[in-house]
Amino acid sequence: MSDHATAPVRVRFAPSPTGALHIGGVRTALYNYLLARQTGGTFILRIEDTDQNRFVPGAEEYIYEALDWCGIPPDEGVREGGPYGPYRQSERKHLYGAYAQQLLDSGHAYYAFDTAEELEEMRERLTKEGVPNPQYNYVTRMYMKNSLVLPETEVKERLERGDAYVIRLKIPRKEEIKFHDLIRGWVVFQSANLDDKVLMKSDGMPTYHLANVVDDYLMKITHVIRGEEWLPSAPLHYLLYKCLGWLDVMPKFAHLPLILKPDGNGKLSKRDGDKLGFAVFPLAFTDPETGSVTSGFRESGYLSEALINFLAFLGWNPGTQQELFSLEELVQAFSVERIGKSGVKFDIAKARWYNQQYLHQRASEDLVQFLEQDLVRHGISATQAQMVEAIEIVKEKVNFPTDFWAEAEVLFIAPRHFDQALMEQKWSAELEVVLASFKTALQGLETIDATTAQQLFGASAEGAGLKPGKVALGTRLALTGKGAGPDLWRLISFVGPAQVAKRIDHALEWAKARLPRVG
RNA sequence: GGCCCGUUCGUCUAGGGGUUAGGACGUAUCCCUUUCACGGAUAAAACACGGGUUCGAUUCCCGUACGGGCUACCA
């Protein structure tokens with residue numbers, strides 16, 4: 001495919017460890033991964049933990065577990081190491097100062113000593129004066145406490161005294177900033193609309209912007225694929241590359257369309273999942289502060305291939321009619337050029353469909369674990385062969401492996417309750433005759449296959465002068481207590497002749513005691 | 001409010017100056033089925049609006065409307 005990037009790329013996924021990995025983040029990671037695999041490049045995981053206030057213990061482990069489960073692990077990162085480490089920004093703290101200094105020396109940045117209160121005051125004043133967008137910029141910086149306006153001696157004094165300060169980028173007053181985005185084409189900003197963003201915080205940590213640009217540079221990143229929420233800060237990043245003299249190696253940008261709420265408007269959030277009753281995280285996450293658990297796709301019974309396929313198609317498509325793609329096929333077919341521009345609504349129904357597709361095509365042997373859990377929970381022991389057979393019987397009927405038990409329960413446990421209304425409707429003296437006859441037919445049999453079960457039952461019904469179809473539902477009720485369930489003959493085969501006979505007896509007794517008139 | 005991005009069936013999308021605007025999910029109906037599903041078939045369903053450009057715009061341009069993002073010493 002000619003529109004594919006051919007040179008090996010170096011791409012990164014750079015989440016901050018502030019909680020569970022959002023499903024949009026997984027998609028971003030996936031696209032990065034696909035491009036890396038396709039070009040024989042490198043997929044890097046960099047942890048952006050420059051804000052120690054928002055650090056959440058366990059979040060980094062969660063990110064790794066999620067990527068592993070999805071089958072898209074990084075090539076370089078805090079776990080796997082690599083030639084450009086460390087891959088945790090907090091551990092790279094010592095690296096950023098030099099670049100801030102370079103910016104200071106070249107006049108592209110300056111010290112600012114303003115307190116939070118002073119900044120607040122400035123914004124309030126400007127708002128009152130009717131300034132639409134109060135910001136620290138080429139006008140307002142002249143009225144603030146910074147090295148651009150303070151006498152040189154005072155700046156030196158403050159620095160030596162250890163006054164708290166930040167380093168801000170001196171945004172040019174009037175400059176058109178134009179850069180190319182792989183998805184959106186040329187994007188133009190006016191520097192006058194930008195503000196003098198903080199590069200170095202007063203705690204000595206860089207902000208996202210500086211760390212991100214410096215690390216992408218040092219790690220030789222070739223393509224930055226990230227969410228559209230970063231588009232407004234892209235001109236700032238462009239300026240940083242420019243002021244640092246790195247324009248010739250600036251990565252190509254691709255800003256992904258956002259994943260939106262399924263109903264109303266806005267970005268998909270954790271709350272939407274809670275509200276609409278589906279997962280928005282790959283894995284369940286326990287908030288270490290509150291202890292509250294949020295469910296994940298994995299725990300909801302999604303197969304990772306289904307999630308990946310679903311996610312890949314949220315904003316991208318191959319331009320063909322093919323909908324089902326394995327990870328390997330995605331690697332082959334993916335191209336940044338075919339990523340859409342507009343936000344996409346999150347449609348859980350489509351995810352369910354994908355899950356069903358993958359569930360049905362997966363070998364029953366590989367699904368045993370899902371049934372086993374529930375069997376154990378109910379204290380039922382079953383052989384491997386029995387479990388595989390049970391899954392064979394119920395697999396086509398469910399969307400999630402977590403539904404196996406609900407569907408397979410009647411295979412393992414004799415009914416304790418019968419559907420009263422249906423029984424009253426379907427039970428008859430004729431049925432009792434057929435049941436008794438069928439029971440006799442089963443007598444002495446060790447096992448029975450589905451076909452034989454059907455034949456034997458047919459003979460029993462016809463022996464009573466009835467069409468088998470007329471008493472089939474009643475028989476189902478007798479054997480399972482319910483009006484719907486697995487294929488009757490396969491069920492009989494699975495349960496076995498002896499057990500079926502017992503169930504028939506039980507149903508007969510129940511009918512005697514609980515049904516008004518059996519005439 | 002300001003800046004930026006976007007707009008084809010309900011949803012994900014294909015397409016692209018002249019098409020019966022294609023597919024998938026979902027929905028409905030039918031078939032298959034001695035249940036429920038699966039599977040198969042059919043149906044309803046879209047180019048936001050207004051101006052240009054053009055012989056001709058859903059497609060190109062400009063506005064408007066609507067939606068979204070950003071607007072922190074958060075990422």
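Note on naming: letters A, B, ... go to the chains in the order of the sequence lines (proteins, then strands), and numbering restarts at 1 for each one.
What separates CZ of A:R46 from P of B:A75 is a distance of 13 Å, to the nearest Å. One atom, CZ of A:R54, and another, P of B:C73, lie 14 Å apart when rounded to the nearest Å. Across the protein-nucleic acid pair, A:Q361 atom CD and B:C38 atom C1' stand 14 Å apart, rounded to whole Å. Atom pair A:E396:CD and B:C38:C1' shows a separation of 5 Å (rounding to whole Å applied).
As judged by a 4.0 angstrom heavy-atom cut-off over every strand, A:K267 is placed among residues touching the sugar-phosphate backbone only. Looking at heavy-atom distances under 4.0 Å, A:D487 makes contact with a base. Across all strands, A:L473 comes closer than 4.0 Å to no nucleic acid atom at all (heavy-atom distances). Residue contacts shown for A:R476 include a base, since a base heavy atom lies under 4.0 Å away. Contact annotation for A:P486: base contact, defined as any heavy-atom pair under 4.0 Å involving a base atom. Residue-level contact check: A:Y208 touches the bases, meaning some heavy atom is under 4.0 Å from a base atom. Within the 4.0 angstrom heavy-atom criterion, no nucleotide atom of any strand lies near A:R226. A:N53 comes within 4.0 angstrom of no nucleic acid atom, judged by non-hydrogen atoms across all strands. Among the atoms of the strands shown, only primed sugar atoms or phosphate atoms (P, OP1, OP2) are found under 4.0 Å from some heavy atom of A:S16. No engagement by A:V394 is indicated, since no non-hydrogen atom pair under 4.0 Å with the nucleic acid exists.
At least one side-chain nitrogen or oxygen of A:K201 sits closer than 4.0 Å to the OP1 or OP2 atom of B:C74. For A:R168, a side-chain nitrogen or oxygen approaches OP1 or OP2 of B:C73 to under 4.0 Å. The phosphate of B:A75 has OP1 or OP2 within less than 4.0 Å of a side-chain N or O from A:T50.
Between the C1' atoms of B:U7 and B:C47, the separation comes to 10 Å (whole Å). Comparing B:A41 with B:G51, their C1' atoms sit 45 Å apart, to the nearest whole Å. With P as the reference atom, B:A24 and B:C3 are 44 Å apart, rounded to whole Å. Separating the C1' atom of B:C49 from that of B:U71 is a span of 29 Å, rounded to the nearest Å. Rounded to the nearest Å, the gap between the C1' atom of B:U58 and that of B:G15 is 10 Å. Spacing between B:A48 and B:C9 at atom P, rounded to whole Å, works out to 7 Å. Nucleotides B:A57 and B:C5, compared at atom C1', are 25 Å apart to the nearest Å. Separating the P atom of B:G6 from that of B:C61 is a span of 11 Å, rounded to the nearest Å.
Salt bridge A:D272/A:K270: absent, no basic N to carboxylate O contact under 4.0 Å. A salt bridge does not link A:E462 with A:K467: none of the charged nitrogens is closer than 4.0 Å to a carboxylate oxygen. In this structure, A:R46 pairs ionically with A:D216, as a charged nitrogen and a carboxylate oxygen lie closer than 4.0 Å. Using a 4.0 Å cut-off between a side-chain N of Lys or Arg and a carboxylate O of Asp or Glu, A:D196 and A:R141 qualify as a salt bridge. Checked for salt-bridge contact, A:E228 and A:R184 meet the test: a charged N lies under 4.0 Å from a carboxylate O. The existence of a salt bridge linking A:K128 and A:E124 is excluded, since no basic side-chain nitrogen approaches an acidic carboxylate oxygen closer than 4.0 Å.
Side chain of A:V198, nearest nucleotide from B:C73, B:A75, B:C4: B:C73. Distance from the side chain of A:E228 is smallest for B:G68 among the nucleotides B:G68, B:A75, B:G26. Distances from the side chain of A:P132 to the nucleotides B:C70, B:G1, B:G26 place B:G1 closest. Residue A:P232 has its side chain nearest to B:C70 when only B:C70, B:C4, B:C25 are considered. Candidate nucleotides B:C5, B:C38, B:G22 were compared by shortest atom distance to the side chain of A:L231, and B:C5 ranks first.
Each of A:Q361, A:R362, A:Q357 was compared with A:E305 under the side chain to side chain donor-acceptor pair (under 3.5 Å) criterion, and only A:R362 meets it.
When both pairing distances are held under 3.5 Å, B:C66 makes a Watson-Crick or G-U pair with B:G6. A 3.5 Å limit on both hydrogen-bonding distances identifies B:G18 as the Watson-Crick or G-U partner of B:C55. Look at B:U29: its Watson-Crick or wobble partner, with both distances under 3.5 angstrom, is B:A41.
A donor-acceptor contact under 3.5 Å links the side chain of A:Q454 to the base of B:U34. No N or O donor and acceptor, one from the side chain of A:T207 and one from the base of B:C73, sit under 3.5 Å apart. A donor-acceptor contact under 3.5 Å is formed by the side chain of A:N133 with the base of B:G1.
Cation-pi check for A:R158 over A:F113 is met; the charged atom lies under 6.0 angstrom from the ring centroid and within 45 degrees of its normal.
No side-chain donor from either of A:N146 and A:Y165 sits under 3.5 Å from a side-chain acceptor of the other. Side-chain contact annotation: A:Y96 with A:D215, donor-acceptor N/O pair under 3.5 Å present.
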Determine, for nucleotides 7-15 of chain B in 5'-to-3' order, which nucleotides have protein heavy atoms under 4.0 Å from the base (write B), from only the sugar-phosphate (write S), or from neither (write -). S---SSSSS
